[in-house]
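What follows is a set of notes on a single structure, which appears directly below.
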Amino acid sequence: MRDREYNPTDIERKWYDFWMDEHYFHADENDDVKPPYAIVIPPPNVTGVLHMGHALNNTLQDIMIRYKRMDGFNALWMPGTDHAGIATQNVVEKALAAKGTSRHDLGREAFIDEVWRWREKHGDLIINQLKRLGASCDWERIRFTMDEGLSNAVRKVFVTLYQEGLIFRSDYIVNWCPRCHSAISDLEVEHEEESGFLWHIRYPFAEGEGEIVVATTRPETMLGDTCIAVNPTDERYTSVVGKEVILPILNRKIPIIADPVVDKEFGTGAVKITPAHDLNDYELGLRHGLDVIVIMDESGIMNENAGPYQGMDRFACRTKMEEDLQEQGYLIDKTPYTVPVGKCYRCKTVIEPYLSKQWFVNTKPLAEEAIRAVKEGRTRIVPKQWEKTYYEWMYNIRDWCISRQIWWGHRIPAWYCEGCGEVIVSEEDPASCPHCESGTLRQETDVLDTWFSSGLWPFSTMGWPEQTRTLEKFYPTNVLITGFDILFFWVARMMMMGLKFMNEVPFHDVYLHALVRDEQGQKMSKSKGNIVDPIIEMDKYGADAFRFALTAFAAMGRDVRISDKRIQGYRFFINKIWNAGKFVLANIEGFDPRSVSPAEADFSLADAWILTELNKTVEAVRTALEEYRFNDAADRLYQFTWHQFCDWYIELSKPLLNTGAAPVTRWVLWHVLKSVLELLHPVIPFVTEEIWQHLPGREGKSIVTAAYPKVDADLDFPEKAREMGYIIDIITGVRSIRGETNIPPSTQLDVVLRMKSKEIEAAVDIYGFFVRDLARVRSIGFIPEGAPRPKRCALAVTAEAEVYVPLEGVIDIDKEKERLSKQMGKMEKELEGKRKKLSNPGFLQKANPEVVAEQRQIKEELEFKLERLLKARELLEG
RNA sequence: GGGCGGGUAGCUCAGUUGGGAGAGCGUCGGCCUUACAAGCCGAAGGUCACAGGUUCAAUCCCUGUUCCGCCUACCA
């Protein structure tokens, strides 16, 4: 503790190891004394690396868990990772490609083994990064979504929902990613607007002259057209409904039909219908019993139904078709048009609406429960504005496509009987078909959406479907802390699954924090090169500074804008704490805090003031944490630590330490430092532990298990604190005069005070050494109220005092006059407002009497100050 | 198309029951005052986007306008 600056690296490692060795983060499910408090971690991808979003998310969780742990709760933070089906498969496939092989070369089983090996090798990375951040997870309980226990939970849930008819298999238009070769859910599609074209194409009548013109943004899909649709009320077309047209190029005959969904205003009012490649078209096709023609394969390559275009990529096909249509005279017009394009959120490939057989969850009935739980307040969404978003989505929820055509994930527990075609869905692998007893069963090759298993996370991690002690004790959890971007993906699904299988909400509170962006508010991305890497930041400034920066910027419902520079700023704060610690420790060496009894101690005004301010801070910080106002908590702690404790109290303690009051002062220094460290510990765990360990009279082996400070009514002295405030005002007044009139600090000043009241004069007199020390004053004189003012003085007026600083030979009189005039100008403006307000009968009549009194007091104070300043200026004239 | 959030000091942002506009950084001036120059002391800087309304009183509540973000959507 002698170092001039705080060096985080070694200290962080040392204490984290210590905490782990002591098992402080382990929650005991058999502890029936402490009330439980539980959080489940949003599981990061097992192949992932820590990014700023993780850092923010886990810092906030760690703050809550550490706070509650200190505050006497049996605190469980359940950690784990997610198998991240598509993402992980992509990563491993890339690695295979680098080795010149592929998953198809390996085959399914060998590939899955390969992924597990990958996970063995790289899966600890993000866990270790979380530890580096200081996350106090109960690592003894770490889970992985592909673990045996969690896989059992997945099977049980799948089978149950299937048996209840809530999971079904069906042909449907899904979002198909031609690169991932898989269906993805609606949520996994990113919508963007792109500039494209609207093509107008003629379809000639099969019989007789004439034609119908349609408008389309995707001409290549006409290869799969099975009709033209018009609105039944559209008079332009009533005569042609029922007729047939010739599909250009392929020369198939297709009918013209009428359907009310067609918008008369759009394009020509006639639309081509491609049921296999558009959701609307598919549904329309069902209504009219239309043929369905799939025109491309799983990679987006045109198939045998595409005639001359077979083998072409879908976009190449579009270009070629346009040429052909043009050449053959079918293309009438091509105009620029903004088209909505869906892209795969994993690989940004343009999604193809694609007809295929998939597994779905009928989410409507589950959503109803999830809506009710929030309506009834069983789960509270914070900040509240997200409730509306949640309801909006839940009310309009659509069937959830849960099957994925990849290999890495929970394989769907369904088997098809080769004998009779029966579908068997079962928790145990069946040996034979229960229907026809055939032994040739083929398991479904699809795996489940990763979010299917994540949806079970709050209870599957606690051992479900077993009825464990852990579940009993810690479910429902207290709060889920996560980014708003996965409100639908994850939170909503946990709500549905938790209510369905546990009959209880998974968490009482959901705190949704904002996303981390760069300084300019841009999303961080590799391509933009604006990534701030948490590990690099921690290397440079330490985990504590990094955590404090994140917390201080985590205002509710706002983006968290962060940059290297801002994190750097908070390192100064950590260093300030370090130095305050050094000062206090140096001054309480050999001191036993038990030698002072706070109940009998004779506290100085400064002691009383800092203790009272400490109480206010404790209260404010606790409230802020309870309400998830993390930035408020950080701000209060910053202000108190730096600007009250360090700037004022430590300075005030210096003169006291040379007097008979030294023992009490030492006790206060010790007590306030200890409290500050404990208050700050959830936010900055490392530096607080390091200093705390050097404190005498600490209870317990670690700050991790120390009691979180409470408001102490016995150490609350509002009266004395107020008096101290007057002294602080005087010191500030003298300093201000010195600063503004450029009197060097080396010049000792003589100060004359004229106090409003005798009592305060007495207090100031007793504690005059504070003023002498902190304002560099040689002598303090008092003159009574009514006595003539000293001449040729600079003046500062506070609420209770006039502070005269003689400036004979020290200062430019004109400058001082100017200074006073400026101050007066400001005050006059303010006073004008007050006078107006107080002469308004409406205000006096209707406003709260307390407010009126307050306003009157402010007015009088202003008048007092102004009058004194005026007199002072007059004296300078003469 | 629907929804949400935002426009406050040069920059980034606080401002929770409507009642004298705040912080950090930056800027300017002065300081090695025995924990800290990664520091200390002082100072400057704002018609709280715009226009109405409610109220004794509006940065705060309501309406409209405008600009910027985000989410959502089956308008070919």
Side-chain angles (χ1 to χ4, degrees), chain A residues 4-6 173 186 191 198 214-218 221 229 261-263 265-268 270-274 278-284 339-340 353 383 385-386 388-389 392-393 396 398 484-485 487-488 514-515 517 519-521 523 552-553 555 557-559 561-563 565-566 568-587 627 629 631-632 635 638-639 643 646-647 650-651 654 732 735-746 773-776 830-831 833-834 837 840-848 850-852 854-855 858-859 861-862:
Chain A
R4 213 171 165 76
E5 15 181 304
Y6 170 65
I173 298 281
D186 297 333
H191 297 275
L198 196 58
V214 302
T216 181
T217 55
R218 298 193 59 198
T221 61
V261 299
V262 180
D263 179 0
E265 308 299 317
F266 190 89
T268 60
V271 60
K272 57 188 269 326
I273 300 296
T274 321
D278 184 280
L279 183 57
N280 282 323
D281 292 6
Y282 180 71
E283 286 175 347
L284 186 143
V339 287
Q385 73 230 31
W386 289 107
K388 198 164 178 177
T389 312
E392 195 67 24
W393 189 72
N396 299 310
R398 292 159 55 195
F484 65 76
D485 52 328
L487 176 61
F488 307 139
L515 265 33
R517 296 172 191 282
E519 223 174 350
Q520 272 79 43
K523 238 179 186 166
F553 285 116
R558 287 272 214 151
D559 291 343
R561 296 192 186 194
I562 205 119
S563 67
K565 209 172 118 202
R566 291 182 190 185
Q568 189 184 355
Y570 285 103
R571 178 181 52 163
F572 302 156
F573 177 55
I574 303 300
N575 203 50
K576 189 75 182 175
I577 297 167
W578 175 255
N579 277 294
K582 249 170 43 184
F583 174 84
V584 173
L585 289 171
N587 281 286
E627 295 174 5
R629 294 192 339 259
N631 63 317
D632 277 0
D635 191 53
Y638 185 97
Q639 289 302 326
H643 298 306
C646 293
D647 285 352
I650 285 186
E651 294 307 320
K654 286 174 182 173
T732 305
R735 282 173 171 177
S736 182
I737 289 170
R738 188 193 289 278
E740 285 182 66
T741 54
N742 291 336
I743 302 167
S746 50
D773 245 55
L774 273 68
R776 312 201 135 232
E830 241 180 81
L831 187 58
K834 294 292 145 200
K837 186 176 269 190
N840 181 340
F843 173 68
L844 298 171
Q845 220 169 52
K846 297 186 184 173
N848 186 329
E850 282 172 33
V851 173
V852 177
E854 191 187 36
Q855 294 299 308
I858 294 167
K859 190 196 96 179
E861 197 177 303
L862 282 169

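Chain letters run A, B, ... following the sequence lines, proteins first, then strands; residues in each count from 1. Values in this document were obtained by computation on a predicted structure and should not be read as measured data.
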Can you name the atoms? Protein N/O to nucleotides 31-36 of chain B N/O, anything below 3.5 Å, with the distance.
unit_1 : atom_1 : unit_2   : atom_2 : d
B/U33  : O4'    : A/Arg776 : NH2    : 2.7
B/A35  : OP1    : A/Lys654 : NZ     : 3.2
B/A35  : O2'    : A/Asn579 : OD1    : 2.5
B/A35  : O2'    : A/Lys582 : NZ     : 3.3
B/A35  : N6     : A/Cys646 : O      : 3.2
B/A35  : N6     : A/Glu651 : OE2    : 3.0
B/A35  : N3     : A/Asn579 : O      : 3.3
B/A35  : N3     : A/Ala580 : N      : 3.4
B/C36  : OP1    : A/Arg4   : NH1    : 3.1
B/C36  : O4'    : A/Asn579 : OD1    : 2.9
B/C36  : O4'    : A/Asn579 : ND2    : 3.3
B/C36  : O2     : A/Lys576 : NZ     : 2.8
B/C36  : N3     : A/Lys576 : NZ     : 2.8

B/G5 - base-pair partner by Watson-Crick or wobble geometry, distances under 3.5 Å | B/C68

Is any N or O donor-acceptor pair between the side chain of A/Glu830 and the base of B/G20 shorter than 3.5 Å?
-> yes

Any N/O pairs under 3.5 Å between the protein and nucleotides 54-57 of chain B? List them or say none.
unit_1 : atom_1 : unit_2   : atom_2 : d
B/C56  : OP1    : A/Lys846 : NZ     : 2.0
B/C56  : O2'    : A/Asn840 : ND2    : 2.5

Nucleotide of B/U12, B/G24, B/A76 approaching A/Arg566 most closely (side-chain heavy atoms) | B/U12

Any-strand Watson-Crick or G-U partner of B/C13, both distances under 3.5 Å = B/G22

Judged by nearest nucleotide, the residue sitting upstream toward the 5' end of RNA chain B, A/Gln855 or A/Phe553, is A/Phe553

Could one point to a donor on the side chain of A/Arg629 or the base of B/U16 with an acceptor on the other under 3.5 Å away?
-> yes

Nearest-neighbour nucleotide for the A/Glu740 side chain, B/A73, B/G19, B/G42 considered | B/G42

May I ask which nucleotide in the shown strands pairs with B/G39, Watson-Crick or G-U wobble, both distances under 3.5 Å?
-> B/C31

Out of B/A73, B/G5, B/G20, which nucleotide sits closest to the side chain of A/Lys834?
-> B/G20

Between A/Phe266 and A/Leu198, is any pair of side-chain heavy atoms under 4.5 Å apart?
-> yes

When you check the phosphate oxygens OP1 and OP2 of B/A23, does a side-chain N or O of A/Gln639 lie under 4.0 Å from one of them?
-> no

For B/G46, which nucleotide in any strand shown is its Watson-Crick or wobble partner with both distances under 3.5 Å?
-> none

Given B/G29, B/A76, B/G5, the nucleotide with the shortest approach to the side chain of A/Phe266 | B/A76

Over how many whole Å does the gap from A/Asn631 atom CG to B/A23 atom C1' extend?
-> 11 Å

Without swapping roles, check the side chain of A/Asn631 against the backbone of A/Phe553 for a donor-acceptor pair under 3.5 Å.
-> no

Which class fits the ring pair A/Phe484 and A/Trp386: parallel under 30°, tilted 30 to 60°, perpendicular over 60°?
-> parallel

When you compare B/U59 with B/U17, how far apart are their C1' atoms, in angstrom units rounded to a whole number?
-> 16 Å

